[in-house]
Amino acid sequence: MASSDQLPKNYDFAEVEERWRKTWRDEDHYFDRNSKKPQFVIDTPPPYPTGNFHIGNALNWCYIDFFARYKRMKGFNVMFPQGWDCHGLPTEVKVEELNHITKNDVSREEFRKMCRELTEKNIAAMRITLRKMAFSTDWSNEYITMTPKYYSKTQLSFLRMLASGYIYQSEHPVNYCTRCETAIAFAEVAYEDRETQLNYFDFDGVEIATTRPELLAACVAVAVHPNDERYNKLKGKSMKVPLFGHDVPVVQDEAVDPKFGSGAVMICTFGDKQDVHWWKQHNLTLRKAIDRQGKMTEIAGKYKGLNTTECRAAILADMKEKKILHKQEKLAQRVGTCWRCKTPIEILSERQWFVKIKPDEIQKAAHQVTWYPEHMLLRMENWVEQMEWDWCISRQRIFATPIPVWFCKKCGEMVVPDEKDLPVDPTLVKPKHPCKKCGSTEFAGEVDVLDTWMDSSISVLNVTGWDGNGKPPFFPAQIRPQGHDIIRTWAFYTILRAVALTGGKPWEEILVNGMVLGEDGFKMSKSRGNIIVPEEILEKNGADALRQWGAMGAATGSDIMFNWNDVVSASRFQTKMWNITKFALIQLEKGGFDKDAPVTALADRWLLVRLSDTVEQVSDAMEAYQFDVALKAIREFAWDALADNYIELVKGRLYQQDASRASACLVLHTAFDALCRMLAPFTPYFAEECYSYFNPGQSVHKQPWVSFTYDDEAARVEGNTLVQVVAEVRKYKHDNGLALNAPLGRVTIYAPHSVNDEGDTGRTLNADVHWRTDAAKLDRAITDIDFNRSVVGKTFRKEGQAFMDAVKALSPVELEKPPKTIRINGVETALPENVFTPKYSYMEEGAKVDVLTIGDVIVTIAKK
RNA sequence: GGGCUCGUGGUCUAGUCGGUUAUGACGUCGCCCUUACACGGCGGAGGUCGCCGGUUCGAAUCCGGCCGGGCCCA
């Protein structure tokens, strides 16, 4: 044990946190592949290396670290890996911005190198924040998706799914961002409300309303509702497209809304998802009017080369001139945009790569996973249910995992590399063998690259040791922690890939965390100026306070509003615990403690009961990932039970030297030790610091989780009485204008049980206290009656009020000794036991005393 | 438009398979520097538990409707 004068007066989180950060060793958190302990593998989210670890990440990582540390203390072999999901457009854009170039100004390889360098720099910055936050990361299991080691696995997974038929290429309409010049998946489409114009114009004698006149060149049919009698004459006919002159068929489809516009719509390839639907349904031709850059194509005739906005204006102008534009009205619409750059997406038909979506398979695996909170499973179900298209995984970008495929220039045969040669970039190297079909050695490497979700959706396979052959050794992982914003992407794709590649669910449990909102209750955003960065909190209050906010801010799974109050109260709790530490150390260093000392005094037994309850509550809450419940129980025990009640009761006893002191010392140490251990997952620096003073050279993080139990029902009941008596007498002093330490005269406590308080009550109240079990010799008068309404209600139902009136009508003697039956509304009825308690006022003969009643305990106070 | 979720003192929050006086934090007011702590202690004020209706002896809690916020999806 350290000496109390080594403890600084104030807890200096900055000094303490930095000191322990330097002391702790990474190896302590390494997953042991040869361990016999049960495994607990976490499929940590790999953040995008923006350079800033934001507060939403911080919350999620707090949760992860709470249970990672807890599970280690519970004896699990924990893997808490750290991944980095590097590829993708944001980095490409940043590189272009920082270097004042566009991706076409340098070679693909040069551009990739710039992206890699920026990413490395960003990762380095974010690692520092992770360390400051005291996350018990397993750095031996760090993975970086842009490294050959990782993306060769991505490529291997591609080849495996290609071989098993999950992956195919085809020409199919896809969501396309013409600014980013790449296809994107539905999960990357964000919808925005915009106002547009609905244009009514004459279409070969029929009025048609459209929001996208620029697609006239791509018109392939006119659709009407089959029951729409207005258009009976058109059935089976074809019509001439205005301005362009090509003929298109008239088709009938139930999905046409006769009330919208004129009830006749033009089908273009493609204005929206509905067009794709109709196009397939009615087997229509394909007219590509927009190219990858968003410019009008050849078939747009004189409009060729214009962008869509220019084309729209030109066509509307021409329609006006030809007097075929009838009217224009405003229309609110929801338009799909690129999640990254907010450019409205186009639907283009392109040769792309797809992953087959098999909804039943995914639903089945999703249901085998335990979801916290449960209702988040619904989001997955809903998303899977409405999937219509397969997952488009090819992207026309640069900084991403290459698609490891070549095509024979002579016969078009697809050639894939040997698995042992992975990773490959087919744009840089050639296949090692000639074409099997035609023997040619001329190949074109696939220039498309993979969606970054193809990288991150195998995170769990990567950490569990997947090598391409069935189930990995540590698969499935025990838990996936993630936000609800990426259920439809990361969770969905991961389940899909795990099932496709291993046949099984990826994890046993999924813990979904909420989003962090700003102090104003809105999503944090630059424009609102409500962004809080973790560094700011680390600077002002330290990592432990930030972590406590993460635990206490809201129930696990619900959105959490950032709140400085919670951070402040977290710091205060640390101050309180610091002083408890100091007090305990001062007391225990006087003579140590005897672990076999008999625990005798009521207060001591009571605290151990409270501790036992707390340990049970906290353990249960940790098992259920209810960190708010757990930390709240810890704080309540420390602050309320230990500091405000127990220590106040026993400090007098601790100041003196007699036999009963040993009991208090043992209890103080037991409680303190348990508190350190229970706090260890939440406030690792603080818990370590406090623990170290009592156990120099030992780490609280290497201790087992608390398993303390103490069963003493009498101590619970009598101890609660004791605490209440003290509280009531304090209030009495307060009400009578006395200082809390003001001396009182004789205080007699008439309690139903004999109490051995070792003099604690007297010293605490500064009074001559006597506990007695005999009846107080007081004249008492009944002033009121307390009813146990839960019993009254259950027993008497509608007669409840009548019963209570009947009881009130009883004589004082009957109230003291209740009869067996009572007359209610003229009916003699059984009187249940303990259904009411008389409230008394007491007068003591002769002596002037004040009387307090606390339940069945009577306290008489003689003023000094 | 559909699905999910939430609405509790000034602010944030617990409780939500019905039951005596609705939890805690921050703020606020009063008293107290008692040998761990004034970054503290003790005490107080402050709530029609979003609104309306229903079920029940009894509703923050269950049911229905409405209003409002958030998220996801059309």
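Computed from heavy atoms alone, side chains included, the values below leave out hydrogens, waters and symmetry copies. The structure displayed is predicted, hence computed values, not measured ones. Below, read A as the first sequence line, B as the second, and so on, with proteins coming before strands; counting in each chain starts at 1.
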Inset, instruction - Please work out if A:Q574 contacts a base, only the sugar-phosphate, or nothing of the nucleic acid, heavy-atom cut-off 4.0 Å. - result: nothing

Legend entry - Min side-chain heavy-atom separation A:F627-A:M552 under 4.5 Å: no

Legend entry - Stacked pair A:W578-B:C37, distance under 5.5 Å, angle under 30°: no

Legend entry - C1' spacing across the pair B:U35 / B:G40, given as an integer number of angstrom: 15 Å

Legend entry - Among B:C4, B:C12, B:A36, the nucleotide that comes nearest once only the side chain of A:H375 is considered: B:C4

Inset, instruction - For A:K733, report the nucleic acid contact type (base, sugar-phosphate, nothing); a contact means any heavy atom under 4.0 Å. - result: nothing

Inset, instruction - Report the residue (A:V568 or A:K731) whose heavy-atom-nearest nucleotide on RNA chain B is the more 5′ of the two. - result: A:V568

Inset, instruction - Let me know, please, whether A:R730 or A:S571 comes out on the 5' side of the other along RNA chain B by nearest nucleotide. - result: A:S571

Legend entry - Rounded distance in Å between the C1' positions of B:U16 and B:C62: 10 Å

Legend entry - Residue pair A:F186 / A:E388, side-chain heavy-atom distance below 4.5 Å: no

Legend entry - For atom CG of A:L649 and atom P of B:A36, their distance in whole Å: 15 Å

Legend entry - Nearest-angstrom distance from the residue atom CE of A:M376 to C1' of B:G70: 11 Å

Exercise answer: donor-acceptor pairs, residues 663-676 of chain A side-chain atoms, under 3.5 Å, sequence neighbours excluded:
| from | atom 1 | to | atom 2 | distance (Å) |
| --- | --- | --- | --- | --- |
| A:S663 | OG | A:T600 | N | 3.3 |
| A:S663 | OG | A:D604 | OD2 | 2.4 |
| A:T670 | OG1 | A:L666 | O | 2.7 |
| A:D673 | OD2 | A:R677 | NE | 2.9 |
| A:D673 | OD2 | A:R677 | NH2 | 3.2 |

Legend entry - Length of the CZ-C1' vector between A:F583 and B:G41, whole Å: 14 Å

Inset, instruction - Taking atom C1' in both B:G10 and B:G46, compute the distance separating them and give it to the nearest angstrom. - result: 9 Å

Inset, instruction - Pick base, sugar-phosphate or nothing for A:S569, based on heavy-atom distances below 4.0 Å to the nucleic acid. - result: sugar-phosphate

Inset, instruction - Kindly indicate whether the side chain of A:M577, heavy atoms from C-beta on, has any atom under 4.5 Å from the side chain of A:L679. - result: yes

Legend entry - Nucleotide paired to B:G64 in any strand shown, Watson-Crick or G-U, under 3.5 Å: B:C52

Inset, instruction - Whole angstrom is fine here: how far is it from CG in A:D805 over to P in B:C57? - result: 18 Å

Legend entry - Whether over 12 other heavy atoms sit under 6.0 Å from A:Q386 CD: yes

Inset, instruction - Figure out the CE/C1' separation between A:M577 and B:G40, and round it to whole Å. - result: 16 Å

Inset, instruction - Have a look at A:W639 and say if it touches a base, only the backbone sugar-phosphate, or nothing, with a 4.0 Å heavy-atom cut-off. - result: sugar-phosphate

Inset, instruction - Whole angstrom is fine here: how far is it from CE in A:M561 over to P in B:A14? - result: 11 Å

Legend entry - Rounded P spacing from B:U13 to B:G50 in Å: 13 Å

Legend entry - Whole-angstrom distance between B:U61 and B:C17, as gauged at atom C1': 9 Å

Inset, instruction - Using a heavy-atom cut-off of under 4.0 Å over every strand shown, decide if A:L378 touches base, sugar-phosphate, or nothing. - result: sugar-phosphate

Inset, instruction - Round to a whole Å and report the spacing from CG of A:L377 to C1' of B:G3. - result: 13 Å

Inset, instruction - Tell me whether the centres of the aromatic rings in A:F13 and A:Y685 are closer together than 6.0 Å. - result: no

Inset, instruction - Under 4.0 Å between any heavy atoms, over every strand shown, what does A:A584 touch: base, sugar-phosphate, or nothing? Just pick one. - result: nothing

Inset, instruction - Quick one: label A:D644 by what it contacts on the DNA or RNA (base, sugar-phosphate, nothing), any heavy atom closer than 4.0 Å. - result: sugar-phosphate

Inset, instruction - May I ask you to evaluate whether A:Y11 reaches the phosphate of B:A36, defined as a side-chain N or O under 4.0 Å from OP1 or OP2? - result: no

Legend entry - Side-chain N,O (A:R572) to OP1/OP2 (B:G27) below 4.0 Å: yes

Inset, instruction - Describe the nucleic acid contact of A:W564 in one word from base, sugar-phosphate, nothing, applying a heavy-atom distance below 4.0 Å. - result: nothing

Inset, instruction - Output the single nucleotide from B:U23, B:A74, B:C71 whose closest atom is nearest the side chain of A:H484. - result: B:C71

Inset, instruction - Quick one: label A:R379 by what it contacts on the DNA or RNA (base, sugar-phosphate, nothing), any heavy atom closer than 4.0 Å. - result: base

Inset, instruction - May I ask you to say what A:I647 touches in the nucleic acid, namely base, sugar-phosphate or nothing, with a heavy-atom cut-off under 4.0 Å? - result: base

Inset, instruction - Measure the acute angle between the ring planes of A:Y655 and A:F583, then classify it against the limits of 30° and 60° as parallel, tilted or perpendicular. - result: perpendicular

Inset, instruction - Just call it for A:K576: base, sugar-phosphate, or nothing, with non-hydrogen atoms closer than 4.0 Å on any strand. - result: base

Legend entry - Nucleotide nearest A:K9 (side chain, heavy atoms from C-beta), chosen from B:G3, B:C12, B:C37: B:C37

Inset, instruction - Determine, using ring centers only, whether A:W639 and A:F637 are less than 6.0 Å apart. - result: no

Inset, instruction - Write down the distance separating the C1' atoms in B:C37 and B:C42, rounded off to the nearest Å. - result: 15 Å

Legend entry - Separation between the P atoms of B:G53 and B:A60, rounded to whole Å: 14 Å

Inset, instruction - Name the pairing partner of B:G1, where a pair is Watson-Crick or G-U wobble with both distances under 3.5 Å, or state none. - result: B:C73

Inset, instruction - Can you tell me, in whole Å, how much space there is between the P of B:C71 and that of B:U56? - result: 40 Å

Inset, instruction - Nearest whole angstrom, please: distance from the P of B:G40 to the CG of A:D640. - result: 15 Å

Inset, instruction - Could you check which of B:C37, B:C4, B:C26 has an atom nearest any side-chain atom of A:E648? - result: B:C37

